[in-house]
Amino acid sequence: MTDSIKLHDSWKTPLADEFAAPYMADLRAFLVAEKAKGKRIFPKGSAWFRALDLTPLEKVRVVIIGQDPYHGEGQAHGLCFSVQPGVRTPPSLVNIYKELQSDLGIPPARHGFLEHWAKQGVLLLNAVLTVEMAQAASHQGKGWEKFTDAIIRLINARAEPCVFLLWGAYAQRKAAFVDTSRHLVLKSAHPSPLSAYNGFFGSRPFSQTNAFLEAHGQAPIDWALPE
């Protein structure tokens, strides 16, 4: 499987046991069977591991955890909260941009394409990496969560300090084991319109992230997205 997918080499050896595990074979069989039934799966196969392809393991400085890929036509491309160019910015990302402006004075981007962040070491990781079109949460509990837990464990085990932005209860549960004595863990409400006013707005995650990185001798993230 690691030969046919687009995945940065830095992840292949550390994740080799996961790719060889029985649960991954079961997951693969499930996805093949779903496709054989004519179901449309997002994102496309070459983008399932896009977050890991753009952000090498040794370059990870920030982790943002999402839940599922977007299930609308043309939205998902393998990075949590991000959509492909030309696609309307989703509501949660609109709120992320509002907080970014409030926090750092960066005006909202006119698009929702976050690869600029990923290329700087911001791992935009969904807990589940595939979804059936128009069926939210349809691939939960099929094995992806085990795989993404292993990714978080790898980052947690590194000596280099990292920032984990855990927005909402789901992300906070998923990364509950992260060592807060070495890494900065920032928790808040989810940026969804349903919860953003319950503690996401005003949480200032971007300035806190950059302050931590600079205090540990790392360059800050340029959060301003190119047009």
Any Lys/Arg nitrogen of Arg40 or Glu132 sitting under 4.0 Å from an Asp/Glu carboxylate oxygen of the other?
no

Do Phe212 and Val60 sit in the same hydrophobic cluster, where Ile, Leu, Val, Met, Phe, Trp and Tyr count as joined when their side-chain heavy atoms come under 4.5 Å apart?
no

Taking the side chain as every heavy atom from C-beta outward, state whether Asp53 and Trp48 have any atom pair closer than 4.5 Å.
no

For Leu165 and Val63: C-alpha separation, side-chain torsions, deciding distance, then whether side chain to side chain contact (heavy atoms under 4.5 Å, CB included) applies.
CA-CA 6 Å; Leu165 300 181; Val63 179; over 6 Å; no

Quick one: does Gln120's side chain have a donor or acceptor within less than 3.5 Å of a partner on Asp222's backbone?
yes

Just by modelled atom types, is the Trp223 backbone N or O under 3.5 Å from a matching donor or acceptor in the Trp117 side chain?
yes

Is there a donor-acceptor contact under 3.5 Å from the side chain of Gln84 to the main chain of Gly74?
yes

Using every non-hydrogen atom in the two residues, find where Phe49 and Lys6 come nearest and quote the distance to one decimal.
CB-O, 3.6 Å

Under 4.5 Å between any side-chain heavy atoms of Ile64 and Val122, yes or no?
yes

For Val178, does its backbone N or O pair with a side-chain atom of Asn156 as donor and acceptor, under 3.5 Å?
no

For the atom pair CD (Glu18) and OH (Tyr23), what is the distance rounded to the nearest 0.5 Å?
3.5 Å

Report the distance from atom CG of Leu213 to atom CD of Glu160, rounding to the nearest 0.5 Å.
12.5 Å

So do the side chains of Val163 and Gln208 get within less than 4.5 Å of each other, counting heavy atoms only?
no

Treating Ser207 as the side-chain partner and Asp103 as the backbone partner, does any N or O pair qualify as donor plus acceptor under 3.5 Å?
no

Look at Glu99 together with Arg204 and state whether they make a salt bridge at an N to O cut-off of under 4.0 Å.
no

Gap between atom CH2 of Trp167 and atom CD of Gln67 - 0.5 Å precision
14.5 Å

Donor-acceptor contact below 3.5 Å, side chain Asn210 vs main chain Ile221:
yes

To the nearest 0.5 Å, what is the distance between SG (Cys162) and NE2 (His216)?
11.0 Å

Output the distance between atom CG (Asn126) and atom CD (Glu145), rounded to the nearest 0.5 Å.
11.0 Å

Min side-chain heavy-atom separation Pro226-His116 under 4.5 Å
yes

Please report the shortest heavy-atom distance between Ile65 and Ala171, naming the atom on each side.
O-CB, 3.8 Å

Is Trp11 reachable from Leu79 through a run of I, L, V, M, F, W or Y residues, each pair having side-chain heavy atoms under 4.5 Å apart?
no

Distance-only, no hydrogens or angles: does the Ser195 side chain make a donor-acceptor pair with backbone N or O of His190 under 3.5 Å?
yes

Honestly curious: do Phe113 and Ile96 fall in one hydrophobic cluster under the side-chain, below-4.5 Å linking rule?
no

Following the transitive rule for hydrophobic clusters with a side-chain heavy-atom cut-off under 4.5 Å over Ile, Leu, Val, Met, Phe, Trp and Tyr, establish whether Leu129 and Leu15 coincide in one cluster.
yes

Do side-chain atoms of Ser82 reach the backbone of Leu114 as a donor and acceptor pair under 3.5 angstrom?
yes

In the hydrophobic clustering that connects Ile, Leu, Val, Met, Phe, Trp and Tyr at side-chain heavy-atom distances below 4.5 Å, which members other than Val32 occupy its cluster, ordered by chain and number?
none

When you compare the side chain of His8 with that of Leu52, does any pair of heavy atoms fall below 4.5 Å?
no

I'd like to check Glu115 versus His77 (side-chain heavy atoms, cut-off strictly below 4.5 Å). Are they in contact?
yes

Residues clustering with Phe42 (ILVMFWY side chains joined when closer than 4.5 Å, directly or via others):
Val131, Met133

Distance-minimising heavy-atom pair for Leu123 and Ile155
CD2-CD1, 3.5 Å

Backbone of Gln218 reached by a side-chain donor or acceptor of Arg61 within 3.5 Å:
no

pair Lys98-Gln101: side-chain heavy atoms closer than 4.5 Å:
no

Taking all atoms of both residues into account, what is the closest heavy-atom pair of Pro43 and Thr130, and its distance?
CD-CA, 4.5 Å

Applying side chain to side chain donor-acceptor pair (under 3.5 Å), which residue pairs with at least one partner in residues 169-179 are found, sequence neighbours left out?
Thr148-Lys174, Asp149-Lys174, Asp179-Ser181, Asp179-Arg182

Test item: Thr209 side-chain N/O and Pro205 main-chain N/O as donor-acceptor pair under 3.5 Å
yes

Quick check on the hydrophobic clustering: are Phe147 and Leu57 connected, directly or via other members, by side-chain heavy-atom contacts under 4.5 Å?
yes

With side chain to side chain contact (heavy atoms under 4.5 Å, CB included) as the test, would you mind laying out the steps for Leu186 and Phe206 before giving the verdict?
CA-CA 10 Å; Leu186 297 176; Phe206 308 101; over 6 Å; no

Could you tell me if the side chain of Ile152 sits less than 4.5 Å from the side chain of Phe164, heavy atoms only?
yes

Would you name the heavy atoms of Phe81 and Pro191 that are closest together and state the gap between them?
CE2-CG, 4.0 Å

For Pro91 and Pro193, the nearest pair of non-hydrogen atoms, with its separation, is CB-CG, 3.5 Å

Charged N-O contact under 4.0 Å between Arg158 and Glu58
no

Rounded to the nearest 0.5 Å, how far apart are CG of Asn95 and OG1 of Thr89?
11.5 Å

